[in-house]
Amino acid sequence: MKTIVFVIAALLVVGGLSFGGVRVGGYSEQEAKEGLNSPKLRELVLFGLKELRSRDNSIEAQELIPIKLVSYHTQVVAGINHKITLECEINNKSKYTVELVIYERPWENVRELTSYTLQN
């Protein structure tokens with residue numbers, strides 16, 4: 001009996017355990033019909049850009065203006081990782097892709113920018 005349970009568990013792990021098409025432990029794409037007009041996403045984006053600007057003094061980082069939500073994914077950990085990919089521009093000319101990863105534990109009022117990328 002223990003052998004059968006072990007074999008089933010091993011197959012599930014090796015095969016990439018999933019429930020309802022969502023891979024356990026991985027990021028799940030979130031539908032964001034409202035895009036940047038969603039109050040929650042807007043709050044996260046404004047927080048992420050503020051934190052990015054405090055860490056990166058480049059002209060590009062300081063003048064980024066979000067214009068379009070490209071994708072939004074979440075990952076449940078000991079809280080929630082929000083991976084937000086944005087199209088941003090500077091002075092209505094240069095376009096940049098910005099990815100923000102924001103970790104949040106709302107029940108403890110914890111929110112932090114854990115990583116970001118800025119690509120032209």
Side-chain angles (χ1 to χ4, degrees):
M1 179 66 176
K2 288 181 182 179
T3 303
I4 292 172
V5 171
F6 176 76
V7 169
I8 291 171
L11 288 173
L12 288 173
V13 169
V14 170
L17 180 63
S18 66
F19 294 102
V22 176
R23 189 178 173 114
V24 174
Y27 278 95
S28 301
E29 186 169 4
Q30 300 299 311
E31 192 171 324
K33 292 180 184 177
E34 296 177 43
L36 292 174
N37 293 323
S38 159
K40 176 65 175 180
L41 268 176
R42 188 142 195 76
E43 181 182 333
L44 288 167
V45 167
L46 292 175
F47 171 82
L49 289 177
K50 179 182 174 189
E51 289 297 307
L52 182 154
R53 289 177 182 125
S54 74
R55 297 178 191 185
D56 188 335
N57 290 325
S58 69
I59 297 291
E60 292 84 5
Q62 298 303 313
E63 297 184 5
L64 287 171
I65 297 172
I67 57 172
K68 179 182 171 189
L69 176 67
V70 176
S71 66
Y72 174 47
H73 294 80
T74 58
Q75 178 186 37
V76 177
V77 288
I80 301 171
N81 279 325
H82 301 271
K83 187 189 312 184
I84 303 167
T85 306
L86 304 165
E87 184 177 300
C88 295
E89 63 183 18
I90 298 173
N91 299 327
N92 295 325
K93 297 185 238 175
S94 303
K95 294 204 187 254
Y96 286 82
T97 300
V98 177
E99 183 179 88
L100 305 169
V101 178
I102 299 165
Y103 173 70
E104 186 175 50
R105 282 192 319 266
W107 60 93
E108 293 181 352
N109 293 320
V110 171
R111 183 182 284 169
E112 60 187 61
L113 178 66
T114 54
S115 68
Y116 68 89
T117 58
L118 175 62
Q119 296 178 335
N120 190 349

Any donor-acceptor N/O pair, [X] side chain to [Y] backbone, under 3.5 Å:
{"X": "Glu63", "Y": "Ser58", "result": "no"}
{"X": "Arg111", "Y": "Glu104", "result": "no"}
{"X": "Gln30", "Y": "Ser28", "result": "yes"}
{"X": "Asn91", "Y": "Lys93", "result": "no"}
{"X": "Thr97", "Y": "Gln119", "result": "no"}

Hey, is CZ on Arg42 packed in by over 12 heavy atoms from elsewhere, all under 6.0 Å? no

With a sphere of 6.0 Å drawn around NZ of Lys68, does it hold more than 12 non-hydrogen atoms of other residues, nucleotides or ligands? no

Close side-chain approach of Ile80 to His82, heavy-atom, < 4.5 Å:
yes

ask   = Would a 4.5 Å heavy-atom cut-off, applied to side chains only, mark Ser115 and Glu99 as touching?
value = no

Hits for side chain to side chain donor-acceptor pair (under 3.5 Å) against Thr85, two or more places apart or cross-chain, chain-then-number order -> Ser71

Apart from Val98 itself, its cluster of hydrophobic side chains linked below 4.5 Å comprises Leu36, Leu41, Leu44, Val45, Phe47, Leu49, Leu52, Leu64, Leu69, Tyr72, Ile84, Leu86, Ile90, Tyr96, Leu100, Ile102, Leu113, Tyr116, Leu118

OG of Ser38 to CD of Glu31, rounded to nearest 0.5 Å, is 12.0 Å

Minimal non-hydrogen separation, [X] against [Y], with atom names:
{"X": "Gly79", "Y": "Arg105", "value": "CA-CG, 3.8 Å"}
{"X": "Arg53", "Y": "Asn57", "value": "O-OD1, 4.0 Å"}
{"X": "Cys88", "Y": "Pro66", "value": "SG-CA, 3.6 Å"}

